[in-house]
Amino acid sequence: MNLSEITNGLNDKQCQSVTLNNEKNVLILAGAGSGKTRVLTHRIVYLITQKDIRIDAILAVTFTNKAAAAIREKLSILLRRPIQSMWVGTFHGLAHRLLRAHYEKARLTSGFQILDAQDQFRIIKRLMKENNIDESKFPIRKVQWFINNQKDEGIRAQDIDPGYNYFIKNNLEVFELYEAHCQTNDLIDFAELLIRSYELLKNNTDLLNHYQARFEHILVDEFQDTNTVQYKWIKLLFSGNNRVFCVGDDDQSIYGWRGAKIENITKLYTDFFPIETIHLEQNYRSTGNILNASNALIAHNTNRMGKSLWTDAGNGELIDVYKARTETDEADYVISSIQKLITDDASPSDCAILYRSNAQSRIFEEALIKYNIPYIIYGGLRFLERAEIKNALGYLRLIENSADNVAFERVVNFPTRGIGNTTVEKIRTFAQDNHTSLFQAAIQISSTLPTRSANALNGFIKLIEQMTDNTKYLGLSEKVANLLNTSGLMVHYSNDKTDKAGSKKENLEELITAAQQYNHEQDSEMNEVVGFISLASLDFSGDTINQNVQLMTIHSAKGLEFPYVFLVGMEEDLFPSRQSKDEPHLMDEERRLCYVGMTRVMKKLSLSYAIKRFLHGEFLHAYPSRFLDEIPSRYLNKIKAKFSATIQNYNADNTFNQNITPKSDGQLFIGAPVKHAKFGLGTVLNFEGQDDSVRIQIKFKQVGTKWLISSYANLEFV
DNA sequence: TCACAAACCCTTTTT
DNA sequence: GGGTTTGTGA
């Protein structure tokens, strides 16, 4: 590959960034939409093809799995060679990889498990209960928050001096209990992944030397989002003989509440001296009006490093600002605008609705259903965080590793099989006293229990042992399918009357599909099942290819772009959030968040707010967000009159995804009439995927619109 | 021990 | 409004 192939299509500044002397540390201050990910990937290609850097000498770190996957994909296309040995991933993913590879040195066993936020909450709750710490005085969420904050700072319980602070003293007590519990049970929470892998390297000089020598080039994306431990982690890996290439934008720092430190960018100048800085300010995404408005907004922040985006793309349309009477009116306005766009040939997936908090999604979801427009909501309760999925994974975990106590607790009496709290408490006590796993404890004490409990418990033990035997030689997805049936989960959710739409059962079926699609190669340090389970806790980004209107928080929209964006709920106390209004630095972060939201837009931005909103069970008066006042009105088109939204049913003949070719059997097409055993007659609205994983959206006459997996739904084309 | 109903709580953002 | 905990009766 020659140099011009790499720099082709890059502007001067981008080109300069990519081809900078490889003996230099580099900081790229890159504005929104200035092509920073592009620069990062092309830099890697440059190093490998022009400077003969080995593929496994590269370490590239990002924050989201989505971003890591995108970089990986781009690299394999550009380099046309296998890149498995290159470390590209999230901080959490790479830390996990390090811990798996060196678990003994990290004081872990090979079966250590990752705790997600829910698991962590449960454990803290139980520890507090067991130790008679009053939940009402010390809310569990706050305690959890305290613990995670300390860890994000790299601080352990032993490092804290509570002084005479009553609250810190109590939090600290739980922190100590929690640390001990996790250590004895081999549990690692998100923050622990980072701190533990940092300590691993710090305390093992030979290991550190090895990785320092191996990673000749360390590249970090979204540097403004690094927290203290992450920064220390990078600094530790930096020996002075290797080089860093950091990309960041201080105006897009929106994770301060999670411990991210913007100051880390400025610390680069001293800790990684000398470092070359390049500014990327030409924006390729948005129109002039949107950029000028965004620049004007962010200019209200103090302490910026200073940067102003520009474009040569022309002014484009003004930004619409819609004043709604209520949140229902707002939703109607947004969805009917989207419908118009679709009629004018836009794809639903070109449209995004962005909001400050997840709770705001519901009203838009309802309106989308009313208009019959396909949509997808990111965030909220993600697929793999749902109870039914976690229960299923609980069985998988227990079969894989009978010492997995978190999984044991989760499934021992689910579906209910007569093993009550009293019995579980006895098992816990025995396990604790004899330093054994809950499963082993259950086996040993079952004979000492009253007959009824003993029978129930023995039934469970037999079930797990049998499942372990029966699935030993099965592939991952068969394993999952098998355990769903033998555990009784499938039957339980099939009979679940509260699950009217059958969506829990559908989710379980989808889990089998997910297992089928799981690509094991990228986690070769682990066996297939462990890899899948870890993925389930670290990566919940589902498929992104779809034909749906995108709904998400502004936080999760970071790094993405959409032709049409509706930034909704622009009201004081909502956005900016009420919790931020008394603290200037929090308000600055809200403003950056607004800036991030606005700069996602390619063509047309609509802002909206309601003057009356039904919130927490009552109607509240709302005032327009201060951010609206901070945008000069010459960029705005204020729509004051009530939008006359007429609700029309979305016409299925007016197809919006004709670019998807139906399968050759010709049965599946948009508008096709189908029959489902349970839901009755319906019409195909949309579909995605291929072969066995085809998902079809159907509008049923009786039960409304649903997404079904065709291989399970047993659809009849009529 | 379990199922259901009533009461009670919260309510920002996420790897 | 909605998810979770608590209380009650079987």
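A quick note: this is a predicted structure, and the numbers were derived from the prediction, not measured. Sequence lines set the chain letters: A, B, ... in the order given, protein chains first and strands last, and positions in each chain run from 1.
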| message | Counting only heavy atoms from other residues, nucleotides and ligands, does the tally under 6.0 Å from NZ of A/K74 exceed 12? | response |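 Yes, the 6.0 Å shell around NZ holds more than 12 heavy atoms from other groups.
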- Query: More than 12 non-hydrogen atoms from neighbouring residues, nucleotides or ligands closer than 6.0 Å to CD on A/E130, yes or no?
  - Reply: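 Yes, CD of A/E130 has more than 12 neighbouring heavy atoms, counting only those of other groups under 6.0 Å.
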Is A/R156 salt-bridged to A/E192, cutoff N-O under 4.0 Å?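 Salt bridge present between A/R156 and A/E192.
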Charged N-O contact under 4.0 Å between A/R258 and A/D152: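 Salt bridge flag = no for A/D152 with A/R258.
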[options]: which one has an atom nearest the side-chain heavy atoms of [X]?
X: A/R141; options: B/dT13, B/dT11, C/dG1; answer: B/dT11
X: A/H555; options: B/dT11, B/dT15, B/dT14; answer: B/dT14
X: A/R258; options: C/dT5, B/dT15, B/dT13; answer: B/dT15
X: A/K125; options: C/dT5, B/dT13, B/dT15; answer: C/dT5

Q. Taking only residues two or more places apart in sequence, or in another chain, which ones meet A/F460 in a ring-ring contact (aromatic ring centres under 6.0 Å, His included)?
A.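 Scan of A/F460 (ring-ring contact (aromatic ring centres under 6.0 Å, His included), adjacent residues dropped) gives A/F408.
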Just N and O in the side chain of [X]: are any of them under 4.0 Å from OP1 or OP2 of [N]?
X: A/T64; N: B/dT14; answer: no
X: A/T423; N: B/dT1; answer: yes
X: A/S556; N: B/dT14; answer: yes
X: A/R417; N: B/dT1; answer: no
X: A/N358; N: B/dT13; answer: yes
X: A/K558; N: B/dT14; answer: no

Starting at atom [atom1] of [X], determine the distance to atom [atom2] of [N], rounded to an integer number of angstrom.
X: A/E590; N: B/dT13; atom1: CD; atom2: P; result: 11 Å
X: A/E571; N: B/dT11; atom1: CD; atom2: P; result: 20 Å
X: A/Q230; N: B/dT14; atom1: CD; atom2: C1'; result: 12 Å
X: A/F121; N: C/dG3; atom1: CZ; atom2: P; result: 15 Å
X: A/E589; N: B/dT14; atom1: CD; atom2: C1'; result: 12 Å
X: A/Q144; N: B/dT14; atom1: CD; atom2: C1'; result: 12 Å
X: A/Q360; N: B/dC10; atom1: CD; atom2: P; result: 21 Å
X: A/R613; N: B/dT11; atom1: CZ; atom2: P; result: 18 Å

At under 4.0 Å between heavy atoms, what does A/F575 touch on the DNA or RNA strands: base, sugar-phosphate, or nothing?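 Counting heavy atoms under 4.0 Å across all strands, no contact is made by A/F575.
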Subject >> Sugar-phosphate only, base, or nothing, as touched by A/N413 at under 4.0 Å among non-hydrogen atoms >> reply: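 Since only primed, P, OP1 and OP2 atoms lie under 4.0 Å of A/N413, the category is sugar-phosphate.
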| Of A/Q550, A/M598, A/R600, which is the lone residue that meets side chain to side chain contact (heavy atoms under 4.5 Å, CB included) with A/L354? |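 With A/L354 as partner, side chain to side chain contact (heavy atoms under 4.5 Å, CB included) holds for just one option, A/R600.
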| said: Could you tell me how far C/dT4 sits from B/dT13 if I compare only their P atoms? Round to whole Å. | reply: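 So the two P atoms sit 15 Å from each other.
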query: Is A/W257 stacked on the base of B/dT13, with ring centres under 5.5 Å apart and planes under 30° apart?
result: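 Stack criterion met.
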